[in-house]
Amino acid sequence: MAADPALPTNAVLAEQFELLADLLELDGADAFRLSAYRRAAARIRESAAPVAQLAVDGRATEIPGIGSTIEGKIVEFSETGDMRALAKLRDKLPTGLVDVMHVPGLGPKTARLVWTELGVSSLDDLRVAAETERLRELPGLGAKTEERVLAALAKPAKGKSEGPPRVLLGKVLPVVREVVAELGEHPACERVSEAGSARRRCETSRDVDFIATSTDAPALIAHFVGLPRVAEVVAHGPTKATVTTYDGFRLDLRVVPPEAYGNLLQHFTGSKDHNVALREAAVKQKLSVSEYGIQDTESGELFTSEDEAAVYERLGYAWIPPELRENRGELEAARKGALPDLVELADVKGDLHMHTTWSDGRASLDEMVAAARALGRKYIAICDHARRLKGELLEQQAAEIAAANERADGIQILRGVEVDIRRDGSLDMEDDLLAGLDWVMASIHSGFDAPRDELTGRLLTALDNLNVDCIGHPTGRKINRREPYDLDFDAVLARAAETGTFLEINAQPDRLDLRPSHARAAIEAGVKIVVSTDAHRTHELENLELGVFQARRGWLTKADVVNTRTWPQVRKLMKR
DNA sequence: GCCGTTTTCGGCCCGACTGTTTTCAGTCG
């Protein structure tokens, strides 16, 4: 049942296969083998189930991209802490060469070349070789390469190809909407859309892509690079430009011919994996897909369309919502007309997690109520931290909520709480008090570094408590700041399903916890999801849409999300 | 190494850009 805590985590496994692929690439191995390892690494990294355990049980091959060879290597690594394949390559190649290969602009071929010809086996060696102008002695390399290498190595984060940091969706979305509006205002602009990871509502983005059609492309591009927010123009051509903004975004605009707008929007929305799978499938239908159109390889005929849905239709698919375009089964579903009818923001009726000045919130209860009502919420749960509601305070808050309900018009205010799940799994509010509340959210706020079995045990104990309605931010991660704690998520799901406890998708921009793969696994395990904001300020109530996007990326329908129901309907669904 | 509405073998997306080149390899998305 429960995963063996000694087994490696998915993140550790994924790293091994990424390293194996890198070393094999340096060794000149077959490119398709490499991409097989990289694909497997990506699937392992994002899997909600503990893949090492699956492999030991002989079930890892159920994951697409993992066959018997890779499963065997996972078992080997789980049992011995290493892989013979890795050891063999480490003997053959200096591991520092992997860092060299990751320097932007270099690659495996160049890294191998500088190693064999100049003995470069680390970033330090590389710097010296560039400084002493020895790189230009090699075929295909010149002074420009040395310049680029030195520039890349001078950056503070040396080594791994960091580039600009990934920006949270919560920061990206407002900029996306403003820029679309600013471009749309220009007289030469006909159509404009966001594309790329922002359009797919990925939790973070490295850059923000836009595409547009225009009666005068150079004029629209000029307007773009002249926007007040632009700090630096990185590239500026007649149909394409890249800029950075004062607040640290990298924006990319392409102006495209209107007749192929649909093809280009499809192409630039991605993801890469989605497009590769789409094109591979198309090849079997004797069709070649690119951003310029769909070419029939026999007749040579080129299909283009202004309409993205028509592009999918030509290939035999229903239009696929961008949030699903990750090659996680959406193509098969779209071919069969079996795509889920994804939940929408407008479906959500209530917000079941927020704080007020009764604990660490910055707005009063009345202010939160007014803001929630303005957003059209029909009910809200006030979930202040239990540790701040000791003694009479709980009663006083109850009175304030009762009074607010008296005044309230069209919104119901629920008495809730957010309890801490302590190290021993107990909660920081007595059961008889919890039983008197409308809604109980239980979360872990401490001891994140504990071993897997301890953290799993804490959650299982909380799930067993009849008064716990929902687990808040169940994996504890903070994007760019804190890894999720080590958890046997399968065991948590099984217990949540068994006890009828909900799990939260917390819509705070840096939490977005559960992640999509976890949310999807939850639904498949029969667990329902609450999407809530955990707002501490009035404007944070608007973050609900971020949670809904995350839910959509997890393939969730309206029925899968608890709080698309009226409060009486939610009440019936609860375990108590 | 993976995988199967042509396949258990023989395929495996498509194009742009860059730097270094007279026709292209390597890298990137």
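Here is how names work: the chains are called A, B, and so on, in the same order as the sequence lines, proteins then strands, and each is numbered from 1. All values below come from the heavy atoms of this structure, side chains included, with hydrogens, waters and symmetry mates left out.
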Side-chain N or O of A/Ser290 closer than 4.0 Å to phosphate OP1/OP2 of B/dC13: no
Short side-chain N/O contact from A/Ser35 to OP1 or OP2 of B/dG1, under 4.0 Å: no
Between [N] and [M], how many Å separate the two [atom1] atoms, rounded to a whole number?
| N | M | atom1 | answer |
| --- | --- | --- | --- |
| B/dG15 | B/dG10 | P | 27 Å |
| B/dC2 | B/dT7 | C1' | 13 Å |
| B/dT23 | B/dT18 | C1' | 15 Å |
| B/dT21 | B/dC14 | P | 31 Å |
| B/dT20 | B/dT8 | P | 47 Å |
| B/dC13 | B/dG4 | P | 15 Å |
| B/dG11 | B/dT6 | P | 15 Å |

A/Ala277 backbone acceptor or donor facing A/Asn327 side chain under 3.5 Å: no
N/O donor-acceptor pair under 3.5 Å between A/Gln295 side chain and A/Gly300 backbone: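 Yes; judged by distance alone, with no hydrogens or angles, the pair exists.
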Name the nucleic acid region contacted by [X], choosing base, sugar-phosphate or nothing; use a 4.0 angstrom heavy-atom cut-off, strictly under.
| X | answer |
| --- | --- |
| A/Asp30 | base |
| A/Lys272 | base |
| A/Gly270 | nothing |
| A/Pro108 | sugar-phosphate |
| A/Ala235 | nothing |

Taking atom [atom2] of [N] as reference, at what distance in whole Å does atom [atom1] of [X] sit?
| X | N | atom1 | atom2 | answer |
| --- | --- | --- | --- | --- |
| A/Glu291 | B/dC13 | CD | C1' | 11 Å |
| A/Leu141 | B/dA25 | CG | C1' | 11 Å |
| A/Glu280 | B/dG4 | CD | P | 11 Å |
| A/Leu302 | B/dG15 | CG | P | 10 Å |
| A/Arg38 | B/dC12 | CZ | P | 20 Å |
| A/Glu25 | B/dG1 | CD | C1' | 15 Å |
| A/Leu106 | B/dT18 | CG | C1' | 13 Å |
| A/Leu264 | B/dA16 | CG | C1' | 13 Å |

Among [options], which is the nearest nucleotide to the side chain of [X]?
| X | options | value |
| --- | --- | --- |
| A/Ala36 | B/dC12, B/dG1, B/dG26 | B/dG1 |
| A/Arg148 | B/dT18, B/dG1, B/dT7 | B/dT18 |
| A/Thr110 | B/dC13, B/dT20, B/dT27 | B/dT27 |
| A/Arg39 | B/dT7, B/dG1, B/dT27 | B/dG1 |
| A/Tyr292 | B/dG15, B/dT6, B/dC14 | B/dG15 |

A/Glu483 CD: over 12 foreign heavy atoms closer than 6.0 Å: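 Atom CD in A/Glu483 is not packed in, count stays at 12 or less.
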Over 12 foreign heavy atoms within 6.0 Å of CZ, A/Arg90: yes
Toward the 5' end of DNA chain B, by each residue's nearest nucleotide, A/Ala111 or A/Val276: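 Going by which nucleotide is closer to the 5' end, it is A/Val276.
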First of A/Ala143 and A/Gly107 reached from the 5' end of DNA chain B, by closest nucleotide: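 Its nearest nucleotide being more 5', the pick is A/Ala143.
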pair A/Asp296-A/Leu287: side-chain heavy atoms closer than 4.5 Å: yes
B/dT8: pairing nucleotide in any strand, Watson-Crick or G-U under 3.5 angstrom: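 When the pairing criteria are applied, nothing turns out to pair with B/dT8, so the answer is none.
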Separation between CZ of A/Phe489 and OG of A/Ser47, rounded to the nearest 0.5 Å: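 A/Phe489 CZ to A/Ser47 OG: 10.5 Å, rounded to 0.5 Å.
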Distance, nearest 0.5 Å, that separates OG1 of A/Thr213 from CZ of A/Arg254: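 Spacing of OG1 (A/Thr213) from CZ (A/Arg254) equals 15.5 Å.
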